[in-house]
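Here the structure is laid out as structure tokens; the discussion comes afterwards.
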Amino acid sequence: MDYFSGLQLKDLGFLAEAAGRTLLISGVSIGIGSLVGLIFGWLLTVLGRTGRFLLNAVLDVFRSIPLLIQLVLFYNLFPIIGFSLGPFAAGTLVLTVYTVALVSNVTRSGLESVSPDLRRAARSLGLSYWQDMRHIVWPVGLRAVFPAWVGVALSVVKDSALVSVLGYVELLRASQTLITRTQEPLIILAIAGAFYFALSFPMARAASLYEKRWAQ
Amino acid sequence: MIDITNLHKRFGPLHVLKGINLTVDKGEVLSVIGSSGSGKSTLLYCINGLESIQDGSIRVDDTEVHHPKTDLNRLRQKLGMVFQQWNSFPHLTALENVALAPRIVKGQSKSEASERASEQLNHVGLGDKLDSYPHALSGGQQQRLAIARALAMEPSLMLFDEATSALDPELVGEVLDTMRMLAREGMTMICVTHEMGFARDVSDRVAYFHQGIMEEIGPPEQLFNTPQSEHTRAFLSKVR
Amino acid sequence: MIDITNLHKRFGPLHVLKGINLTVDKGEVLSVIGSSGSGKSTLLYCINGLESIQDGSIRVDDTEVHHPKTDLNRLRQKLGMVFQQWNSFPHLTALENVALAPRIVKGQSKSEASERASEQLNHVGLGDKLDSYPHALSGGQQQRLAIARALAMEPSLMLFDEATSALDPELVGEVLDTMRMLAREGMTMICVTHEMGFARDVSDRVAYFHQGIMEEIGPPEQLFNTPQSEHTRAFLSKVR
Amino acid sequence: LADTLDEVVDRGTLRCAVVLDFPPIGYWNDNNEPAGFDVEYCKDLANSLGVEVDLIPATWSERLPLIVTGRADVVIGSTSDSLERAQTVGFSIPYAVFVSQAIVNTDSGIETFEDMRGKKVAAGVGTVQEQWYEEYADDWGDDYRYQGYQSENEVFLAVEQGKVDAGMTGNIVAGPIAQRFDNIELGPVLPFTADYVSMAGPRKDVSWLNYLNLFIQQQVRTGRYEELWAQFVGSDAPDLTVGGVYY
Amino acid sequence: MDYNFHWQPVIGRLPDLLLASLDTLQVAALSIVLGIVIGLLLAILRMNARGRWTPLQWFAVAWIEIARNTPVLFQLFFFGFGLGAWGWHLSPFMIVLAGLSFNCAGYLAENFRGGFQSIPDTQYRAARSVGMSAGQTYYHIIIPQVLRKVWHPLTNQIVWAVLMSSLGMLVGYQELTGSAQYFASRTYRIFEYFAVVALIYYALVKLILMASRMLGWRLFRSEGGV
Ligand SMILES: Nc1ncnc2c1ncn2[C@@H]1O[C@H](COP(=O)(O)OP(=O)(O)OP(=O)(O)O)[C@@H](O)[C@H]1O
Ligand SMILES: Nc1ncnc2c1ncn2[C@@H]1O[C@H](COP(=O)(O)OP(=O)(O)OP(=O)(O)O)[C@@H](O)[C@H]1O
Ligand SMILES: [Mg+2]
Ligand SMILES: [Mg+2]
């Protein structure tokens with residue numbers, strides 16, 4: 001009986017499915033994480049000194065501990081405190097919190113980058129605080145940090161590879177599985193790497209072009 | 001029209017305005033000069049309630065600006081303001097820049113706001129730039145856009161804070177011309193400026209600020225030719 | 001002292017200087033005026049070899065600037081240069097700013113360089129700022145620092161590229177005064193400037209540049225009062 | 001209070017963790033589906049309970065945390081029944097027994113266990129081979145050059161690529177591996193105690209462990225054990241009893 | 001669920017864990033040093049790429065873009081079994097070092113490039129105009145200012161390298177995380193071990209940030225510190 005076999009065409013389908021899972025888990029995390037991160041980022045600009053310090057301290061924890069450790073730790077913590085999450089749910093939760101920590105930082109600097117003069121100009125036309133927020137500060141500030149946000153999003157896509165340690169079969173884990181069976185690491189890794197690259201490179205480039213245009 | 005009595009403004013320990021008394025009549029053009037840090041911008045911010053005050057009062061058309069019950073957003077519609085820099089909203093076209101506030105603050109319909117906005121832009125000579133974004137405009141055009149934007153709220157008073165000092169020398173003229181046009185049309189204006197020529201030609205009165213105090217005020221000929229105060233004289237000799 | 005014949009400078013397809021002929025004598029003060037993009041800065045860069053040239057020649061004291069054998073670093077010591085902005089080295093104190101080049105280029109000892117540097121700083125009125133870092137100096141003080149730094153190399157010619165145009169109006173005076181002082185002391189100077197008053201009062205001759213061509217050159221009274229060229233007249237009417 | 005047995009029946013699925021880089025006991029077949037002796041055991045166990053099987057692929061070091069944190073009901077993953085582990089999870093009676101054996105790179109020149117001294121030796125992180133080897137190697141002192149890998153598969157790759165001279169695994173796996181790769185050959189049988197492997201479940205859930213014990217008994221009694229062993233390993237199934245002592 | 005924490009074994013292993021954190025610091029420090037050197041070279045190559053690109057410049061751009069656009073874990077796997085397939089055998093330590101250096105060099109190259117480009121042209125010209133040579137200009141004027149500009153991103157990169165070295169566990173290197181997993185594999189009390197390890201990482205990161213701020217404050221007091 002042969003327990004090993006070479007790479008076959010249908011293995012590409014297997015990889016594609018796993019790539020879909022990479023997109024799914026990172027998409028969900030980025031989506032929810034960005035929304036919450038926007039709110040936290042805004043809070044950081046309006047909270048008092050203590051509130052800001054506390055919120056910052058909490059968010060900072062997630063930037064100061066390796067993602068690998070966070071994943072393993074939370075994956076094992078949830079059942080201990082009474083509810084068991086599967087690899088997808090646990091991975092998504094950790095990635096989401098991680099995204100929140102990064103996006104809130106980006107958002108705060110974006111909102112702070114809107115010059116006081118511009119806001120004064122808006123207020124001097126009679127816009128209320130919320131009108132100023134809605135029509136001036138958010139559009140201007142978020143546009144300014146859009147490239148940085150793309151950077152965060154792409155790094156979450158790449159970091160989602162770590163969810164493989166929870167047994168979630170995303171792209172990198174699927175590659176490992178195939179390597180186990182086919183013992184052909186080079187070509188399989190090349191395919192996986194090419195996928196990430198094809199996803200990340202064009203978006204990063206587009207964002208930096210956008211940044212250059214916006215900077216003018 | 002504007003009545004300021006014994007105005008005091010502090011930033012923490014810093015005493016920036018030390019008892020200003022000033023009245024500006026309807027249709028009058030007042031230029032404010034003075035060295036950096038003397039409190040000129042702060043005065044303008046206090047007038048339209050962008051900064052709180054610590055003592056005294058400012059009345060605009062019989063409305064007490066800093067009274068807690070005053071609806072500032074409403075008051076500010078009367079007070080157009082143009083700043084030194086970064087005035088225009090970078091994410092909106094020239095037309096949208098001007099039409100935004102009438103639409104969301106005054107509740108004009110989109111088409112009405114656009115129509116009036118394009119009139120105002122024509123007025124300041126930007127009739128052919130309606131759909132340009134600010135980054136595609138020169139500094140002088142951006143300042144004229146800011147003026148149009150303020151005019152669209154149909155203010156009864158315009159406040160200019162060094163509207164030309166960030167501009168290349170060649171572009172200063174076009175903005176000053178627009179301001180001259182407003183003065184001729186009878187707009188009440190307070191202009192903080194470094195352009196002595198403009199202050200001399202256009203203003204009804206000129207005020208000199210020095211370290212939070214209004215040292216001297218009077219018709220331009222008097223203030224420029226026979227300044228009373230030592231400080232005014234020193235300042236004028238430096239800027240000329 | 002400086003002899004420029006038929007100078008052509010291109011940036012790729014862009015023809016920036018189109019055949020300039022100009023001689024500046026020892027002790028002469030030449031002001032260069034002209035609108036943005038007319039090639040004024042480029043001319044100065046070509047003179048001290050910071051930009052290559054495509055045709056013609058520039059001779060400084062009988063040295064051919066763009067000859068391959070010319071030791072540019074040596075030549076540049078003779079040519080002090082002051083720019084519009086970002087002149088001073090932000091990571092060094094005022095004293096270090098001035099003493100650095102004499103030490104590492106001329107090989108002066110540390111103490112000698114420091115001593116002379118503090119003399120130069122005194123000369124431009126910064127005797128009490130020796131240990132300040134640029135960020136703690138006003139724009140005018142930074143420009144005077146840049147002048148002192150150039151003077152410390154004991155240049156025989158100073159090139160000023162709009163040395164005052166990034167300054168607040170009140171700070172312009174102190175820098176112009178320093179430049180006036182140099183002119184009185186007999187320094188040869190080429191000053192690109194927007195300050196017509198300075199050009200009129202201090203220069204021996206004024207040159208007007210227009211789109212890469214030296215349209216007109218002559219004593220200030222002549223150029224300002226009876227400009228020959230259409231372009232010069234248009235330009236002067238705008239900046240005044 | 002419901003125990004695991006109740007929960008499984010109630011839930012209708014058995015969450016069964018397996019290790020799939022350990023052919024022929026557990027592996028991915030060429031349809032990229034789980035297969036192997038352990039996988040069949042999971043299915044049989046689920047059948048006995050009348051429920052669906054939910055296979056959870058795990059690495060060596062992930063196996064037992066799955067039990068501790070309640071994400072799997074049982075691990076059928078060649079888990080050696082060490083006393084240290086028994087402090088964390090509960091073990092059934094042995095359901096298979098292996099002998100530890102080395103696979104070696106053809107260039108390594110290793111023939112006996114003593115030859116492995118001073119050579120680079122690898123095993124999966126968290127395997128008993130790793131722990132037993134460490135005890136021997138402590139006696140050797142400086143010559144101890146051990147490398148742990150996350151999965152058995154990486155051990156094979158390391159031997160194949162020559163990163164290490166020898167890898168330690170079970171005798172059953174060693175055969176197919178040595179056949180598959182040109183530059184890997186069967187190495188010495190390791191002088192470790194026989195490797196009795198058990199199913200693992202929650203430590204305190206004795207009734208569930210009892211059920212597993214009975215299941216293992218039944219597999220042998222009905223001949224299913226022999227049958228699967230012959231199908232996957234291709235030799236006689238080893239005896240699962242130890243003489244002279246009660247379990 | 002009734003889970004009883006077993007902290008005692010972890011406390012007993014604390015000295016070993018602290019020793020292992022030295023390995024973490026070592027591999028992170030080395031990869032940062034390599035990353036800086038290579039990153040500078042890459043940045044210079046890339047900045048000089050005008051018009052037609054030479055093979056060397058292609059190489060630099062490819063390095064930078066691959067490093068920035070694929071997961072670090074992928075890069076480590078590549079240096080692990082990927083290179084092994086070509087008969088290149090790196091020890092687990094070398095895999096981590098190579099992977100992190102590769103990654104850091106790519107990111108730092110872009111930081112350096114940004115730093116160089118943010119120095120106004122007149123700084124270079126002002127230095128040349130007083131007769132300094134190109135070398136003197138870089139050494140005395142440009143580099144000190146670039147260092148200040150990249151100080152913050154550089155610090156972030158160091159923190160990043162420390163955090164990412166935890167992936168050593170997955171390629172068989174026993175740094176802090178790998179050791180914790182190794183110790184935990186005896187009894188499988190993973191949570192307890194990783195909780196303690198998380199604290200150690202947090203402390204390491206805070207220490208690095210503090211050191212960077214103090215050093216930066218000393219180096220850049222001319223510009224009001226960092
Ligand atoms: N938000 C603020 N917080 C603290 N101090 C402030 C604030 N705004 C202004 N100041 C201080 O108040 C003083 C007056 O500032 P102001 O901007 O009114 O001067 P100015 O006359 O407009 O000067 P310039 O000509 O430079 O614009 C200055 O010393 C300034 O530093
Ligand atoms: N390094 C360069 N590469 C390409 N074009 C350049 C470069 N430097 C200057 N130019 C172009 O050369 C022309 C002349 O520039 P220059 O800076 O000499 O003008 P200027 O007269 O000094 O203007 P300003 O008053 O704005 O300083 C401009 O069109 C400019 O865009
Ligand atoms: Mg002001
Ligand atoms: Mg210029």
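Residue numbers begin at 1 in each chain, while the letters A, B, ... track the order of the sequences.
By the 6.0 Å contact criterion, CH2 on W7(E) is enclosed, its count of non-hydrogen atoms from other residues, nucleotides or ligands being greater than 12.
A distance of 5.5 Å separates CZ of F78(E) from CG of L186(A), quoted to the nearest 0.5 Å. Note that the CZ atom of F191(E) and the CZ atom of F78(A) stand 10.0 Å from one another [nearest 0.5 Å]. Residue Q75(E) holds its CD atom at 8.5 Å from NZ of K158(A), rounded to the nearest 0.5 Å. Y201(E) OH to I69(A) CD1: the interatomic distance, rounded to the nearest 0.5 Å, is 5.0 Å. Here the straight-line distance linking atom CZ of F194(E) with atom CD of Q70(A) works out to 12.5 Å at 0.5 Å rounding. Rounded to the nearest 0.5 Å, atoms CG (L204(E)) and OG (S64(A)) are 11.0 Å apart.
With a 4.5 angstrom heavy-atom cutoff, I66(E) touches chain A via backbone and side-chain atoms both. Both the backbone and the side chain of L167(E) come within contact range of chain A, with heavy atoms under 4.5 Å apart. Looking at I190(E), only its side chain comes within 4.5 Å of chain A, counting heavy atoms on both sides. Contact annotation for R205(A): only side-chain heavy atoms (C-beta onward) come within less than 4.5 Å of a heavy atom of chain E. Both the backbone and the side chain of P66(A) come within less than 4.5 Å of a heavy atom of chain E. For chain E, the nearby parts of A161(A) are the backbone and the side chain; heavy atoms of each come within less than 4.5 Å. I179(A) touches chain E through its side chain: at least one heavy atom from C-beta onward sits under 4.5 Å away, while N, CA, C and O do not. With a 4.5 Å cut-off on non-hydrogen atoms, F5(E) touches chain A through its side chain but not through its backbone. Heavy-atom distances place no part of S160(A) under 4.5 Å from chain E, backbone and side chain included.
Side-chain contact between F197(A) and E65(E) is present, with at least one heavy-atom pair separated by less than 4.5 Å. Side-chain contact between N69(E) and Y196(A) is absent, with no heavy-atom pair separated by less than 4.5 Å. At least one side-chain heavy atom of M164(E) sits less than 4.5 Å from a side-chain heavy atom of D159(A). Side-chain contact between Y202(E) and D60(A): present, with at least one pair of heavy atoms (C-beta onward) separated by less than 4.5 Å. No side-chain heavy atom of I65(A) sits under 4.5 Å from any side-chain heavy atom of L163(E). Under the 4.5 Å side-chain criterion, counting only non-hydrogen atoms from C-beta, F77(E) is in contact with Q176(A).
Closest approach of T70(E) and G193(A) over heavy atoms only: CG2-O, 3.7 Å. Residues L73(E) and S164(A) come closest through the heavy atom pair CD2-OG, 4.2 Å.
Between chain E and the residues V157(A), L154(A), L162(A), the largest count of heavy-atom pairs under 4.5 Å involves L162(A). When each of V61(A), I187(A), L189(A) is scored by its heavy-atom pairs under 4.5 Å with chain E, the top score falls to L189(A).
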